Amino acid sequence: MPRAPPRLTPVQLCRESSTILTTNVGIGDWAGAFGDATIAAAMLDRLLHRAAVAGIDSPSYRLRGHQNQAEAIRAGVNARVS
């Protein structure tokens, strides 16, 4: 019978794999988002340990289609009103 692979502890797992976390809340705003600065600091401490942080300050690609659709609807409504 084949043996099951050994389970990794959380410490081993973070050394053996990668995790990508995305958010639209800046690191400085986590205390307000979670309502407790202590909990936010503890979460950030664990998340950012041995982490690479890439900040992206640009328009959202996910919302771009919705924004284009909303602009088209507004243009159509404005054309009918005029």
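Nothing fancy with the numbering, it's 1 onward along the sequence. Nothing here was measured: the structure is a model prediction, and the numbers come from that model.
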Practice task
Each residue besides I20 in its hydrophobic cluster should be listed here, by chain and number; the cluster joins Ile, Leu, Val, Met, Phe, Trp and Tyr at side-chain heavy-atom distances under 4.5 Å.
Solution key: none

Practice task
List, by chain and then residue number, the residues other than I56 in its hydrophobic cluster (Ile/Leu/Val/Met/Phe/Trp/Tyr, side-chain heavy atoms under 4.5 Å); write none if there are no others.
Solution key: none

Handout entry: Those residues that, when tested against N68, pass side-chain contact (heavy atoms from CB on, under 4.5 Å) (two or more places apart)
Key = R64, E71

Can I get a per-line list of side-chain donor-acceptor pairs under 3.5 Å for residues 26-47, giving both atom names and the distance, sequence neighbours left out?
unit_1 : atom_1 : unit_2 : atom_2 : d
W30    : NE1    : V25    : O      : 3.3
D36    : OD1    : T38    : N      : 3.0
R46    : NH1    : A42    : O      : 3.0

